[in-house]
Structure formats: C-alpha cells, structure tokens
> 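The following block contains the structure, expressed as structure tokens.
Predicted model only: the values in this text are computed from it and were never measured. The figures that follow rest on heavy atoms only: side chains count, while hydrogens, waters and symmetry mates do not. Positions are given from 1, in the same order as the sequence printed here.
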Amino acid sequence: PPPGAAVAAAPAARGALIAAAFGVCDADNDQRLSSAEMRLFAGFIGFTGNDAEWAAEFATLLAESNTNPSDGVSLELFTVLVNDMSDNGCYCTDEELKTLMAKLQGARGIATNGSRGEVFRPA
C-alpha cells in the first residue's frame with residue numbers, strides 16, 4: 001500500500017463505526033435520535049440524572065447546536081459529539097463505541113451481522 005494509506009483508512013473506519021453506533025441507537029430507524037434514544041447513549045457514557053435532568057440536558061445539547069428539539073440528533077451532530085474531547089462533547093474511543101453497540105444490540109436482540117432493522121429471533 002502507498003505511504004499514508006493506513007492513516008487515511010483510520011478516519012474512514014472511525015466514521016463507519018460512528019455511523020454503525022448511531023444506527024444501533026436509532027431504534028425507530030428515522031435517521032434522528034430522539035430524547036429517549038439519545039438517553040440510552042448518555043447513560044452509557046455516564047449520565048445518571050433523572051427524567052427532568054435529562055430533558056434539560058437534551059434541550060441544552062440541541063440549543064447549543066442550533067437544532068430544533070423535534071428534529072432530534074442527526075448523524076452529523078452525533079459524529080461531532082463523539083469526536084469532541086471538550087467538556088461540551090461526549091468523546092468515545094473506538095472501543096467504547098464497539099461496547100455501546102454490543103450492549104444495545106444485546107439489549108434489543110438485534111442481529112450482529114451488520115444488518116439494521118432485523119431482529120434476531122432464535123429458531
């Protein structure tokens with residue numbers, strides 16, 4: 001491979017991993033994360049507040065990103081959040097994203113073969 005090929009592949013691989021994690025969080029497959037869907041992610045990264053505290057946190061998150069609350073979190077915003085190492089972000093390592101996906105897939109009974117929207121039902 002040409003020099004730098006591995007470096008170029010790393011961001012692309014992370015982008016695919018973030019998109020896959022987003023897809024697992026997006027239970028209704030509408031390409032947006034609602035407050036409830038985003039709360040699962042927030043709980044994974046350490047949010048322990050009650051419903052009222054989460055509502056305020058979610059509203060603040062959307063306001064800071066100039067996002068309409070009824071629109072929810074897009075893949076673009078989710079990507080920004082999981083790549084943001086500041087206090088305003090929700091930075092996740094690749095391993096943390098993989099763990100998030102495994103936990104959510106296990107909790108929902110989602111097949112781990114990469115297909116979205118198919119629920120694994122044992123024979």
Side-chain angles (χ1 to χ4, degrees):
V7 174
R14 179 161 170 84
L17 183 59
I18 292 169
F22 178 88
V24 172
C25 291
D26 186 16
D28 60 6
N29 296 316
D30 68 353
Q31 305 303 306
R32 309 293 286 194
L33 299 184
S34 67
S35 176
E37 291 167 332
M38 194 65 186
R39 185 166 182 180
L40 291 173
F41 170 73
F44 174 78
I45 61 168
F47 180 80
T48 58
N50 63 30
D51 289 347
E53 291 166 329
W54 171 247
E57 185 72 23
F58 188 70
T60 299
L61 170 77
L62 295 181
E64 288 175 351
S65 65
N66 296 314
T67 302
N68 183 325
S70 64
D71 288 343
V73 175
S74 65
L75 173 58
E76 181 180 11
L77 177 54
F78 186 78
T79 300
V80 168
L81 291 170
V82 299
N83 283 327
D84 186 347
M85 292 185 192
S86 76
D87 289 342
N88 295 329
C90 307
Y91 184 79
C92 289
T93 66
D94 290 357
E95 284 306 310
E96 288 169 330
L97 290 170
K98 290 174 186 174
T99 300
L100 166 71
M101 292 190 327
K103 286 187 175 184
L104 289 180
Q105 287 170 330
R108 292 197 180 127
I110 297 172
T112 56
N113 64 1
S115 61
R116 285 200 25 185
E118 294 180 18
V119 176
F120 176 72
R121 291 185 175 83

> Could you pull out all residues at least two apart from E57 that satisfy side chain to side chain contact (heavy atoms under 4.5 Å, CB included)?
F47, W54

> Roughly how far apart are F41 CZ and C25 SG, rounded to 0.5 Å?
7.0 Å

> Who are the side chain to side chain contact (heavy atoms under 4.5 Å, CB included) partners of E64, not counting sequence neighbours?
T60

> Can you measure from CD (E96) to CD1 (I45) and round to the nearest 0.5 angstrom?
9.0 Å

> Nearest 0.5 Å, please: how far is CD in E37 from CG in D26?
5.0 Å

> When Ile, Leu, Val, Met, Phe, Trp and Tyr are grouped by side-chain heavy atoms lying under 4.5 Å apart, directly or through other members, which residues fall in the same group as M85?
Y91

> Taking it one step at a time, do C92 and T99 satisfy side-chain contact (heavy atoms from CB on, under 4.5 Å)?
CA-CA 10 Å; C92 289; T99 300; over 6 Å; no

> Once rounded to the nearest 0.5 Å, what's the spacing between atom CG of D71 and atom CG of N66?
12.0 Å

> Only counting residues at least two apart or in another chain, list the ones meeting side chain to side chain contact (heavy atoms under 4.5 Å, CB included) with D51.
R39

> Determine whether a donor-acceptor pair (N or O, by modelled atom type, separation under 3.5 Å) exists between the side chain of Q105 and the backbone of V24.
no

> Could you go through residues 72-82 and list every donor-acceptor pair under 3.5 Å that involves a side-chain atom there, pairing it with any protein atom two or more places apart or in another chain?
from : atom 1 : to  : atom 2 : distance (Å)
S74  : OG     : E76 : N      : 3.4
S74  : OG     : L77 : N      : 3.1
T79  : OG1    : L75 : O      : 2.8

> Got a second to check how far L17's CG is from L97's CG, nearest 0.5 Å?
5.0 Å

> Apply ring-ring contact (aromatic ring centres under 6.0 Å, His included) to F44 and list each qualifying residue two or more places apart in sequence or on a separate chain.
none

> Are side-chain heavy atoms of R32 and T67 found at a separation under 4.5 Å?
yes

> Could you tell me the separation between the CG atom of N83 and the CZ atom of R14, rounded to the nearest 0.5 Å?
4.5 Å

